[in-house]
**Q** 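Here's a structure for you.
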Amino acid sequence: MTITTHDFLYPDEVEFVKTKTQAPITMWFPDSVAGFQRAFFFISDYDFLFFKDPYIVHVLSEQYNLKNVYYLPECFNPNFHRTVQLTSYDLKRYSCDITTYGSPHSIRSSLFNQLLEYNSNIKI
C-alpha cells in the first residue's frame, strides 16, 4: 500500500503509482479543510481517503457521495507522549484560559485580538 499525506499528487501520478505497484494508494490529509489547495483527491483514483476532520468526511460522504472516505483522527504515540506530573512552577507558567497551536494565519490573529478584550489568559 502507498500512503500519501496531503494532496500533493496529480491524478496521473496517482494512476502511475497504482499501475507500477499494483497496490492500493491512500491519501491521509492531516490538516483542516482550510488546508485544501486544489483538492485533486476529487478527481484522482485513490482507493481510500482519510481525514482528521469528521465534518469533511460527512460532507464528502453524504453530499458528494464518495464511498471511500474515512475519519482517521490524529493520535499519539505512547513512546513519546506521556502523562507528566506538573510542578507548581509548571502550573503557573503554562496554565491559561485559551490556547492554540498551528500556523499564524491572519484569521487566528484577528480572533485572539478580539479575545484579549475579555482579559483572557492566552497562550500560543
Side-chain angles (χ1 to χ4, degrees):
M1 175 181 284
T2 301
I3 302 172
T4 65
T5 57
H6 287 279
D7 188 21
F8 297 134
L9 298 179
Y10 288 91
D12 59 332
E13 293 171 323
V14 172
E15 189 59 37
F16 177 81
V17 170
K18 287 180 76 161
T19 58
K20 293 298 180 189
T21 64
Q22 303 297 309
I25 185 166
T26 297
M27 183 196 73
W28 180 52
F29 195 84
D31 204 351
S32 70
V33 177
F36 283 0
Q37 303 265 327
R38 295 184 176 154
F40 285 137
F41 62 85
F42 271 110
I43 57 173
S44 297
D45 190 25
Y46 284 102
D47 294 293
F48 304 98
L49 299 170
F50 295 98
F51 297 89
K52 75 173 192 176
D53 185 339
Y55 173 75
I56 192 60
V57 171
H58 171 76
V59 169
L60 293 174
S61 299
E62 301 298 321
Q63 294 181 7
Y64 288 92
N65 203 30
L66 296 180
K67 301 299 181 198
N68 61 340
V69 180
Y70 301 92
Y71 174 57
L72 183 63
E74 291 183 78
C75 59
F76 69 94
N77 183 335
N79 292 327
F80 298 101
H81 303 98
R82 297 181 201 95
T83 302
V84 295
Q85 293 297 322
L86 298 177
T87 66
S88 58
Y89 171 80
D90 294 333
L91 289 171
K92 184 176 180 180
R93 181 172 183 190
Y94 298 111
S95 67
C96 60
D97 299 319
I98 301 169
T99 189
T100 189
Y101 70 96
S103 302
H105 297 292
S106 57
I107 193 166
R108 289 185 181 141
S109 297
S110 175
L111 171 67
F112 282 105
N113 280 334
Q114 292 176 35
L115 291 173
L116 287 173
E117 295 175 16
Y118 297 98
N119 295 320
S120 297
N121 181 358
I122 299 171
K123 297 263 173 47
I124 299 175

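Keep in mind that what you see is a predicted model, and the values were worked out from it rather than measured.
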**Q** For P30 and H6, which heavy atoms make the closest approach, and how far apart are they?
**A** CD-N, 3.8 Å

**Q** After noting the C-alpha distance and the side-chain angles of F40 and V14, does the key distance pass the side-chain contact (heavy atoms from CB on, under 4.5 Å) rule?
**A** CA-CA 10 Å; F40 285 137; V14 172; over 6 Å; no

**Q** Look at the side chain of E62 and the backbone N and O of V59, then say whether any donor-acceptor pair between them is shorter than 3.5 Å.
**A** no

**Q** Is a donor on one side and an acceptor on the other found under 3.5 Å between the side chain of S61 and the backbone of H58?
**A**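 No; judged by distance alone, with no hydrogens or angles, the pair does not exist.
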
**Q** Is the shortest side-chain heavy-atom distance between I122 and L116 below 4.5 Å?
**A** yes

**Q** With a 4.5 Å cut-off on side-chain heavy-atom distances among I, L, V, M, F, W and Y, is there a chain of contacts connecting Y64 to Y70?
**A**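 No: no chain of side-chain contacts under 4.5 Å links Y64 to Y70.
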
**Q** Minimum heavy-atom separation for Y46 to L9, with atom names?
**A** OH-CB, 3.6 Å

**Q** Can you check side chain to side chain donor-acceptor pair (under 3.5 Å) on S110 and N113, steps first, answer last?
**A** CA-CA 5 Å; S110 175; N113 280 334; over 6 Å; no

**Q** Quick one: closest heavy-atom pair of N65 and K67, and the distance?
**A** OD1-NZ, 2.8 Å

**Q** Under the side-chain contact (heavy atoms from CB on, under 4.5 Å) rule, what do T4 and W28 come out as? Steps first, then yes or no, please.
**A** CA-CA 6 Å; T4 65; W28 180 52; over 6 Å; no

**Q** Could you tell me which non-hydrogen atom of S95 sits nearest to which non-hydrogen atom of N121, and how far apart they are?
**A**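 So the two residues come closest at O-ND2, 3.3 Å.
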
**Q** According to side chain to side chain contact (heavy atoms under 4.5 Å, CB included), who are the partners of Y71, at least two apart in sequence or on a separate chain?
**A** P54, V57, P73

**Q** Would you say that I98 contacts L115 through its side chain, given a criterion of any heavy-atom pair below 4.5 Å between the two side chains?
**A**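 Touching, per the 4.5 Å side-chain cut-off.
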
**Q** Does F8 share a hydrophobic cluster with I56, counting links as ILVMFWY side-chain heavy atoms below 4.5 Å and allowing steps through other members?
**A** no

**Q** Quick check: closest heavy atoms across S44 and P11, and the distance to 0.1 Å?
**A** OG-CA, 3.3 Å

**Q** So does Y10 have more than 12 non-hydrogen atoms from other groups sitting under 6.0 Å from OH?
**A** no

**Q** Roughly how far, to the nearest 0.5 Å, is the CD1 atom of I25 from the OG1 atom of T19?
**A**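 Result: 10.0 Å between the selected atoms.
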
**Q** Give every residue pair that meets the salt bridge (charged side-chain N to carboxylate O under 4.0 Å, His left out) criterion with at least one member in residues 17-43, sequence neighbours excluded.
**A** K18-D45, K18-D47

**Q** Do F36 and L66 belong to the same hydrophobic cluster, where Ile, Leu, Val, Met, Phe, Trp and Tyr are linked whenever their side-chain heavy atoms lie under 4.5 Å apart, directly or via other members?
**A** yes

**Q** How long is the straight-line distance from CZ of F16 back to OG1 of T21, given to the nearest 0.5 Å?
**A** 9.5 Å

**Q** In the single-linkage hydrophobic clustering (I, L, V, M, F, W, Y; side-chain heavy atoms under 4.5 Å), do Y55 and L49 co-cluster?
**A** yes

**Q** Under the salt bridge (charged side-chain N to carboxylate O under 4.0 Å, His left out) definition, can you give me all pairs with a residue in residues 112-124, not counting sequence neighbours?
**A**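 Those involving residues 112-124 do not exist here.
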
**Q** Check whether any side-chain heavy atom of F51 lies under 4.5 Å from a side-chain heavy atom of V69, and answer yes or no.
**A**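 Counting from C-beta outward, F51 and V69 do come under 4.5 Å.
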
**Q** Could you state whether F41 and V17 fall into the same hydrophobic cluster, counting links through intermediate Ile, Leu, Val, Met, Phe, Trp or Tyr residues with side-chain heavy atoms under 4.5 angstrom apart?
**A** yes

**Q** Are M27 and D7 close enough that some pair of their side-chain heavy atoms sits under 4.5 Å apart?
**A**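 A side-chain contact exists here, since the closest heavy-atom pair is under 4.5 Å.
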
**Q** Would you say that more than 12 heavy atoms from the other residues, nucleotides or ligands in this model lie under 6.0 Å from the CD of Q85, or not?
**A**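 Open.
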
